[in-house]
Every structure is written in C-alpha cells, then in structure tokens.
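One-based numbering, in listed order, for ligands and for the atoms of each. Positions are given from 1, in the same order as the sequence printed here. All values below come from the heavy atoms of this structure, side chains included, with hydrogens, waters and symmetry mates left out.
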Amino acid sequence: MWKTPVIIVNFKLYRQGSGDNAYSLLKTMEKVWEERGVSLIASLNPLDLGALRDKVNIPLMIQHADATDFGAFTGRINLEISKERGADGVLINHSEKRLNIADIDYLVEKAKSLGLVSVVCANNSRVSGALAFLKPNFIAMEPPELIGGDISVSKARPEAITETIEAVKSVADIPVLVGAGIKNREDVKRAMELGAQGVLVASGIVKAKNPEDALNDLIDGMM
Ligand code: G3P
C-alpha cells in the first residue's frame, strides 16, 4: 500500500510519455520523489513497464489489465504477467478503458492475491460508492468531461469530490483520489481540502513544458 497523499501520473499513450520519453519522464519523477519524499507513482503501458522496470525505483502501475488467467487469449494482458514484469499496482476501469463490474471485481481480488495495489476509477460519486463494495486499495473519481481539459475537477465540480468521499466512506474506509484537468498547486490544495487523499493526473505533467517544475508545483499544493 502506498503512503498518502499520493500523486499518480498516468502516461496514457501520449508520445511524450512513451518509449524513450517514458524513460526520461520516469527519471524526472524519480528525482522529484527523492527530493520531496511524496508518493509518486507512474502508470505505464505494459511494454514500457516491462522495459523500464529495472531502470527506476519509483512504484509503477499498469494502466489496464484484462480479467483473465493464462490461456488462449490473444491480445490480452493479465495481472500475473504484469506482476512478473515488475508492476506494483494496477489502474482498473479508467474512463478510457472501462470494464464491467464482474471484471472489476475479478481484478481487485486478483490484485489482492498477488500483492498489487488496486486503483479503481469511477466517473461519479454514485459509481464510486458502488465500487467501494469491492474494497480496492484506492478509488479514483474523474468526471470524464473534464479529462484532458484545462479546468480541474476541484474548480469545476467540487461537490462531486465531497459527494464521492461521502459515498465511499459510507461503505468502507477507502482513500479517494480525484483527477481530470489537474494542472497546478491550487487544484491539488482544493482537492485535498475537500477530503481527497491524492490526485490522478496525466496531461498536466506528461504534456508540460517542464514536467519537473509541474510536479513540484503539484506537490507544493499538498504541503
Ligand atoms: O488518468 C488520469 C487522467 O484521466 C486525467 O487526465 O489529462 O485531465 O490530467 P488529465
């Protein structure tokens, strides 16, 4: 389990976060992680995770896994091989890779049995509350319409954050992360004032002109 507060940087399939660029972004994250002592986790595609695992020390998570064991499954990836390749955690049900609830349940349970940290994404407070019954390690709420934009969930939908935290807490004591449009320290500070225990961010770091400055700015919002 990762200590909170936490910043998960989802590299998605941005050019700036893939291949050689993924390596340099990970090195930047590692530097900031060592300097600031805040939990920084990178969420990578499976190819980069396998190739880069041994080159950095920060925790890495896989952006998606299929709810499947080994077998005759073409084009899929499971948690067992993700773990073997060095994943520390898994992002489940991201808005850009949604799953049905039976698959989410399978993945949360499988992650638990393999010792992987599970971060289950939800698009609103109601879905967050429902997914809390599956007892993942984290729930990450992101309004899909704000993902990739310049207005953060903290500014545009503060009530969605408080409603999510209430919905989750009424079911289980699971830390809530929020994401979508997070770009600066004010976004992080506001999210945490509202009760979030961290953020999930992509474009604000991966596409930043200076990712190191952008990361330090987000961390300043947590202090
Ligand atoms: O996984 C995090 C992501 O969906 C948020 O994206 O670009 O709005 O920070 P972004």
Side-chain angles (χ1 to χ4, degrees), residues 2 4-18 21-22 25-26 28-29 32 39-46 48-49 58-65 82 87-99 104 107 117-125 127-128 131 136-158 160-161 164 175-192 194 196-219 221-222:
W2 302 318
T4 54
V6 62
I7 297 177
I8 296 177
V9 181
N10 184 4
F11 288 24
K12 301 201 174 181
L13 196 56
Y14 285 126
R15 181 72 264 182
Q16 299 93 323
S18 302
N21 294 334
L25 187 51
L26 284 173
T28 299
M29 287 182 67
V32 174
S39 289
L40 285 182
I41 290 99
S43 171
L44 301 181
N45 73 59
D48 284 335
L49 190 142
I58 62 168
L60 301 182
M61 62 194 305
I62 202 97
Q63 294 172 358
H64 162 80
S82 304
D88 302 291
V90 56
L91 198 58
I92 300 170
N93 194 45
H94 190 279
S95 274
E96 292 152 7
K97 194 71 180 168
R98 279 204 187 139
L99 296 168
I104 300 170
L107 288 164
V117 176
S118 56
V119 181
V120 169
C121 298
N123 55 321
N124 62 33
S125 60
V127 174
S128 299
L131 293 175
N137 294 112
F138 291 92
I139 293 210
M141 193 282 292
E142 303 192 306
E145 70 279 7
L146 298 175
I147 291 177
D150 285 326
I151 301 178
S152 70
V153 59
S154 325
K155 287 197 184 106
R157 301 287 314 283
I161 298 178
T164 296
V176 170
L177 312 179
V178 296
I182 299 282
K183 293 284 186 291
N184 55 44
R185 70 179 78 185
E186 286 75 33
D187 297 330
V188 175
K189 187 166 185 282
R190 188 76 189 115
M192 297 202 45
L194 293 166
Q197 297 197 39
V199 294
L200 187 53
V201 56
S203 53
I205 300 297
V206 182
K207 295 172 80 179
K209 283 204 182 84
N210 185 329
E212 182 175 340
D213 287 352
L215 271 172
N216 275 310
D217 191 40
L218 295 194
I219 293 169
M222 291 178 155

Please find the pair of heavy atoms, one from [X] and one from [Y], that lie closest to each other, and give the distance.
X      : Y     : result
Met222 : Val6  : CE-O, 3.5 Å
Asn123 : Ser95 : CB-OG, 4.4 Å
Leu26  : Ala42 : CD2-CB, 3.4 Å

Atoms of ligand 1 close to [X] [distance to a heavy atom under 4.0 angstrom, numbered from 1]:
X      : answer
Leu200 : 1 (O), 2 (C)
Asn10  : 1 (O)
Ile147 : 4 (O), 6 (O), 8 (O)

May I ask whether Lys12 has any heavy atom positioned less than 4.0 angstrom from an atom of ligand 1?
yes
Close approach of Gly179 to ligand 1, heavy atoms, under 4.0 angstrom:
no
Nearest protein heavy-atom contact for [atom]: which residue, which atom, what distance?
atom                   : value
atom 4 (O) of ligand 1 : His94 NE2, 2.8 Å
atom 7 (O) of ligand 1 : Ser203 OG, 2.5 Å
atom 3 (C) of ligand 1 : Glu142 OE2, 3.2 Å
atom 9 (O) of ligand 1 : Ala202 N, 2.8 Å

Any donor-acceptor N/O pair, Gln197 side chain to Pro5 backbone, under 3.5 Å:
no
May I ask you to check if ligand 1 and Gly181 share an N or O to N or O distance below 3.5 Å?
yes
Got an N/O contact under 3.5 Å between Gly148 and ligand 1?
yes
We want to know whether His64 and Glu96 form a side-chain donor-acceptor pair, criterion being a heavy-atom distance below 3.5 angstrom.
no
Check Arg157 with Glu145, please: is the shortest side-chain N to carboxylate O separation under 4.0 Å?
yes
Show your reasoning for whether side chain to side chain donor-acceptor pair (under 3.5 Å) applies to Ser203 and Lys12.
CA-CA 9 Å; Ser203 53; Lys12 301 201 174 181; over 6 Å; no
I want to check something: taking the side chain as every heavy atom from C-beta on, are Val119 and Ile8 in contact at a cut-off of under 4.5 Å?
yes
